[in-house]
Amino acid sequence: MEGCKVKLLGWVEVKRDLGKIKFIILRDYKGKIQITIPPTSSVELAEIFNKLSREDVIAVSGVVKNTPQAPNGVEVIPSEINIINKAVSPLPLELTGKVKVELDTRLDYRILDLRTARANAIFRINNVMLITIRNFFIENDFIEVHTPKIIASATEGGTELFPVAYFDREAFLAQSPQLYKEQLTSVFEKVYEIAPVFRAEESNTTRHLSEIVMLDMEAAFQDYNDIMNFCESLLDRVFKEVIDRCQNELEVLKKNLQRPKTPYKRYSYSEVLEILSNNGVEIKWGDDIDTLALRKLGELIKEPYFIKDWPTKSKPFYISPRVDNPEVSESFDLMYGWLEIASGGTRIHKKELLINRIKEKGMRPESFDFHIKTFDWGMPPHAGCGIGLARLLMAITGLDNIREAVLFPRDRYRLTP
Ligand code: ATP
Ligand code: MG
């Protein structure tokens with residue numbers, strides 16, 4: 001574009017005054033360019049340059065010049081610079097990356113933090129991940145659905161629900177689209193949803209938030225083996241696309257991402273207990289695999305893997321027990337090192353069994369009346385899973401804290417910004 005006249009809009013990232021010659025690094029959503037004010041420029045330009053500070057929004061009119069010394073081999077010689085909006089100086093957050101800033105402080109000034117190369121890289125990878133996921137579901141003939149987030153009763157029981165005042169009644173924020181997506185398999189057969197769910201997580205961990213975006217899927221006439229196959233293909237595609245399309249971003253994050261080999265290993269819950277026991281971690285059959293044990297597994301297994309056939313009592317009521325051994329369920333967790341990425345399974349599609357399982361869990365079938373009655377109207381066998389998108393992003397980008405994988409995280413203590 002040598003010699004072309006351009007008008008650029010963006011943010012002042014750096015200004016450097018070398019006396020006679022002055023530089024601005026201008027940033028927009030696609031990248032950065034050097035604006036060079038040569039000694040021959042007008043006094044007005046120099047005066048405007050003096051007023052500039054970091055993150056001012058400016059308009060630059062000028063001419064493109066090929067310059068091997070400039071960062072991208074090209075610079076713009078301005079004829080006019082207008083300050084569209086001033087930013088305060090100093091800014092409340094150090095953006096150069098030279099000083100290490102605590103995550104909590106970064107989150108307090110999240111909009112500024114998101115302009116750093118690191119945060120930007122994370123969410124550009126997230127975008128490629130989401131595009132890939134949507135395309136994959138479309139290719140596989142799924143229908144995208146949206147289920148209600150204000151609900152009358154708990155999906156899975158438990159205490160993780162946020163109550164909301166709903167006119168003159170109490171309602172809850174949905175912790176999962178589970179029951180609705182199951183019902184929808186009797187209409188569309190294959191459905192998926194990408195939407196927020198809410199979990200009143202009391203504990204303050206690096207992998208739990210109270211509002212998360214969940215990727216939920218459910219398919220008729222499939223079982224948990226089909227869903228594991230599907231998850232594996234989906235993840236494999238995400239790895240491929242991120243590696244193909246996000247090399248610059250991965251470099252910013254210093255992440256050397258390799259595409260894990262398929263098929264991913266599938267261990268049964270009992271096998272995992274054995275692996276753990278051989279490595280000095282004892283877990284009683286039937287108990288959940290706690291954080292300490294997960295950390296141990298993460299040390300032993302680096303690639304994605306499945307833990308399947310969990311004890312029926314450790315899984316929600318809608319998970320199907322195995323026919324050959326009802327103590328064990330047709331369920332799985334998809335793991336990446338120590339991190340649980342997804343949970344899924346074959347669902348119960350027979351009404352009587354469903355009612356029994358609800359009772360066994362100590363809940364009242366009447367509270368699920370709206371759901372149970374749909375099982376009288378032609379419910380196909382079905383299976384599905386829920387993938388925590390921020391967890392997946394954490395795994396791909398190698399983040400230690402889920403808060404970095406969400407634009408505006410919500411946890412036990414954080415409700416702003
Ligand atoms: P965990 O055992 O890690 O608390 P879970 O088994 O309670 O998770 P599921 O109900 O299985 O969670 O939800 C499906 C997926 O959603 C999980 O595998 C995880 O990726 C994600 N997820 C669940 N709860 C949270 C949360 N509070 N914060 C972030 N991601 C979550
Ligand atoms: Mg789970």
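Atoms considered below: every heavy atom in the structure, side chains included; atoms not considered: hydrogens, waters and symmetry mates. Remember, it's 1-based here, ligands and their atoms both numbered in the order they're listed.
- Under 4.0 Å from ligand 1, the heavy atoms of I341 that appear belong solely to its backbone.
- With a 4.0 Å heavy-atom cut-off, ligand 1 is reached by the side chain of E201 but not by its N, CA, C or O.
- Here the options are E144, E193, E218, E189, the test is salt bridge (charged side-chain N to carboxylate O under 4.0 Å, His left out), and the partner is K181; only E218 passes.
- Classification of the F239-Y336 ring pair by plane angle, with boundaries at 30° and 60°, yields parallel.
- Annotation: F230 is in aromatic contact with F142 [ring centroid separation under 6.0 Å].
- Nearest-heavy-atom check against atom 9 (P) of ligand 1 across Q175, M214, R199 picks out R199.
- Considering I212, D288, T205 only, the shortest heavy-atom separation from atom 31 (C) of ligand 1 involves I212.
- Residue-and-atom listing of protein N/O/S atoms under 2.8 Å from the Mg ion (ligand 2), sorted by chain and number: E340 OE2, S343 OG.
- Panel note: side chain K315, backbone K313; no donor-acceptor pair is recorded below 3.5 Å.
- Other residues, nucleotides and ligands place more than 12 heavy atoms under 6.0 Å from the CH2 atom of W338.
- Residue contacts with ligand 1: A342 is included, with a non-hydrogen atom under 4.0 Å away.
- Ligand 1 places these atoms under 4.0 Å from at least one heavy atom of I402: 29 (C).
- Listed by number with element, the atoms of ligand 1 under 4.0 Å from a non-hydrogen atom of S343 are 11 (O), 18 (O).
- Proximity of I355 to F368: side-chain heavy atoms (C-beta onward) are nowhere separated by under 4.5 Å.
- Between F198 and F162, the ring centre distance reaches or exceeds 6.0 Å.
- Nearest heavy-atom pair across I243 and L250 is CA-CD1, 4.4 Å.
- Atoms of ligand 1 found under 4.0 Å from any heavy atom of G386, numbered from 1 in the order shown, are 14 (C), 15 (C).
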*Passes side-chain hydrogen bond (donor to acceptor under 3.5 Å, both in side chains), S53 versus K86? Steps please.*
CA-CA 8 Å; S53 61; K86 281 289 297 168; 3.2 Å; yes
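- Counting only distance, with no hydrogens or angles, the side chain of K296 and the backbone of V281 share no donor-acceptor pair below 3.5 Å.
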